[in-house]
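Here is how names work: the chains are called A, B, and so on, in the same order as the sequence lines, proteins then strands, and each is numbered from 1.
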2 protein chains.
Amino acid sequence: MEERVTIRELARRSGVSVGTVSRALNGYADVRPETRERIMRLASELDYTPAAAARSLVTQRSHVIGVFMETGEGHPDLQHPFFHEVLGGLKQRVGREGFDLLLFASERPGGGYGPHSYLKRARHHSVDGCALIGLDPDDSEVRRLVRGEIPCVAIDMQLEGPNTEVVMSDNEAGAAEAVRHLHGLGHRRIATITGMIDSRPGVDRLRGYRNAIQELGLAYRDEYVRYGDFYAESAREATEKLLALPEPPTAIFAAADLMAIGAVRAAAEAGLSVPADLSVVGFDDIQLAPHVNPPLTTLRQDKLGLGAAAGDALVARIAGDPERPQLRTLPVELVVRGSTAAP
Amino acid sequence: MEERVTIRELARRSGVSVGTVSRALNGYADVRPETRERIMRLASELDYTPAAAARSLVTQRSHVIGVFMETGEGHPDLQHPFFHEVLGGLKQRVGREGFDLLLFASERPGGGYGPHSYLKRARHHSVDGCALIGLDPDDSEVRRLVRGEIPCVAIDMQLEGPNTEVVMSDNEAGAAEAVRHLHGLGHRRIATITGMIDSRPGVDRLRGYRNAIQELGLAYRDEYVRYGDFYAESAREATEKLLALPEPPTAIFAAADLMAIGAVRAAAEAGLSVPADLSVVGFDDIQLAPHVNPPLTTLRQDKLGLGAAAGDALVARIAGDPERPQLRTLPVELVVRGSTAAP
DNA sequence: TTGTAGGCGTTATCAT
DNA sequence: ATGATAACGCCTACAA
């Protein structure tokens, strides 16, 4: 059983006090060059590793960012590819700044007392900040968290708190652009399948759709908006119904790529082919979008960028910079591929 | 600025010593019921939250599992859907046992001294165990990590260490089953697109393919095995070449769903339709598999199960149970959908 | 049953 | 430039 080599051990072996060792290691100016040199060498020889717990206990900084990430009912944890890519961006960004990510998994961390609570879990680990991904913004525990003293950033959810920021894509503009693209191709009967309508992206994309329809002088038809949940299956069913309409749409804007894929699938099952018989545009530009058949025309969210922006926000706030916008919106980009064509 | 309520505060307010408070909170037997009651109530009133750092400093247990997860060259972090699902399984499983996950992001945690090193990062945070996902098993730092004192579990990679276990799917059997399925359908010219051949799953699936070809009395043809990298694009190119062969295959076993999707795409581009002109079977059963067009016939890996098995292994080893197999193999299951048919 | 005190590994504040 | 020494918040013998 190797004993952990501590700062005391270094002090003993190098014949100085622990205080000096600490200063040497942390690059303080007031330590004689040769002393520092000696200590540094010894540290690397012994492969000394500082204990984060001890350090954070005294500095009150853990250099850890907590991540709360779950997805809705019936869609077990961590399932939507979109979130993962965002997480990747976050990871990269905060990593560069010396932070690690704590993915909260347990509701009673450490087998500890009492039930869970977001705030409690975050405090328990003394995280310096929190990223909220795919949570329900109306959850009272989430609200308590963002009202607390810990800097938070919410991705794709509307949330307010003294120390929290929100980052999301410009969903409304993107949706409108989707419709305009379809219209430009010559489509006039354009339907939409929405995301979960109790989520900010869900309503924003629907709003964008409506605005564009109106702005283009198209008739708004109730039967052309179907409610989905961001996942494939819901869109498949919705598309079935859409296609069964007396006057079916010639194009569908699905508020997520997963749903666009579901729509394509439903079309195929109905004997229709995309884009020949039906155009479909998605939203997200998930990794698979270019690879499915046909390749998806979609609105690209800058997923890494969202994660990075979230990381930025946290790092800045943790550093004590309060001058930050409450909401940060990232542009989306239309990517035209094979799932859309003239009617 | 709210002051953190500590155990001392609880002691002061409840008129007992910190020792008693600690014992009460941790459910020791030797504390008078009414005393405990009083303390517990006070704790919950004040919303007391223990500090993980302080506790782990003294107990030498952090209740945190470190996760190292990256993917190969040119495929930025966290990209392969397979890994995410595994992570989900791991998260669930260890969460139930009171562990959280630390997703290592920084190479110089805490802005600390010296360069990174897996082992160092793990020690720095005093994680109780480590999960290794999508790493290069030949990396010398990875090897150092698994030779260390920290319990490790490697997913989908071959690795040996005194305190490490490996979990993976039965890739060989699965690949063989894919070939047999195709053969049963009547196919005789069956090609394969491999995964990265320097990875254990990559070679195992290739081996399974070879075994089955042989066992079925089919001729093994060199030109029928193409090397891919588990991602879509590589399979698309491979398929192009396969289809350009003087005697092209009538079926392809792609060693990953992403590659199967790439293959389907290439077929479409060549004017062929799946499964009418070409059968394709994948591996993984990613979330999208049932939703793409056509729905993928594939070998389902129990991704949540892999994550859970990994969690199990870690939790048990952390608890000090050494009686464990070094390698744990999970069965895969053939899922027949729409991408395969008789030739 | 409860209090006291030492220690976990660091950093930080004083002196010196 | 360096050494003591006191925190940080908690657990756990050992005493009482």
Angle between terminal axes - the helix from C:dT1-D:dA16 to C:dT16-D:dA1, 5 pairs each end, rounded to 10°:
40°

Integer-rounded Å distance: [N] [atom2] and [X] [atom1]:
X	N	atom1	atom2	value
A:Arg4	C:dG9	CZ	C1'	8 Å
A:Arg123	D:dC10	CZ	P	13 Å
A:His63	C:dT11	NE2	C1'	13 Å
A:Ile7	C:dC8	CD1	P	14 Å
A:Glu34	D:dA1	CD	P	11 Å
B:Leu10	D:dC10	CG	P	8 Å
B:Gln60	D:dC10	CD	P	17 Å
A:Glu9	C:dT10	CD	C1'	16 Å

Would you call A:Glu149 and A:Arg123 a salt bridge, taking side-chain N to carboxylate O under 4.0 Å as the test?
yes

Would you call B:Asp100 and A:Arg121 a salt bridge, using N to O less than 4.0 angstrom?
no

Assign each of B:Ala29 and A:Val5 to its nearest nucleotide of DNA chain C by heavy atoms, then name whichever residue's nucleotide is nearer the 5' end.
B:Ala29

On DNA chain C, compare the nucleotides closest to B:Leu57 and B:Val31; which residue's is nearer the 5' end?
B:Val31

Just checking B:Ser56: base, sugar-phosphate only, or nothing, at a heavy-atom cut-off of under 4.0 Å?
nothing

If a pair satisfies salt bridge (Lys or Arg N to Asp or Glu O under 4.0 Å) and one of its residues is in residues 19-33 of chain A, list it, with sequence neighbours excluded.
A:Arg32-A:Glu34

For a quick test of reading the model, state the closest non-hydrogen atom pair linking [X] to [Y] and the distance between them.
X	Y	result
B:Ala105	A:Val94	CB-CG2, 4.5 Å
B:Arg144	B:Ser117	NH1-OG, 3.9 Å
B:Ser17	B:Ala11	C-CB, 3.8 Å
A:Glu70	A:Tyr118	OE2-OH, 3.4 Å
A:Arg328	A:Ala309	CD-CB, 3.9 Å

Check whether any side-chain heavy atom of A:Asp47 sits under 4.5 Å from a side-chain heavy atom of A:Val5, and report yes or no.
no

Look at [X] and [N] and indicate whether a side-chain polar atom (N or O) is within less than 4.0 Å of OP1 or OP2.
X	N	result
A:Arg55	C:dT11	yes
B:Thr35	C:dT2	yes
A:Arg8	C:dG7	no

Side chain of A:Ser17, heavy atoms from C-beta onward: which of D:dG3, C:dT11, C:dT1 has the nearest atom to it?
D:dG3

To the closest 0.5 Å, what do you measure between CD1 (A:Ile7) and OG1 (A:Thr49)?
12.0 Å

Scan nucleotides 12-16 of chain D against the protein and return all N/O pairs shorter than 3.5 Å with their distances rounded to 0.1 Å.
residue : atom : partner : partner atom : Å
D:dT12  : OP2  : B:Tyr28 : OH           : 2.6
D:dA13  : N6   : B:Arg23 : NH1          : 3.3

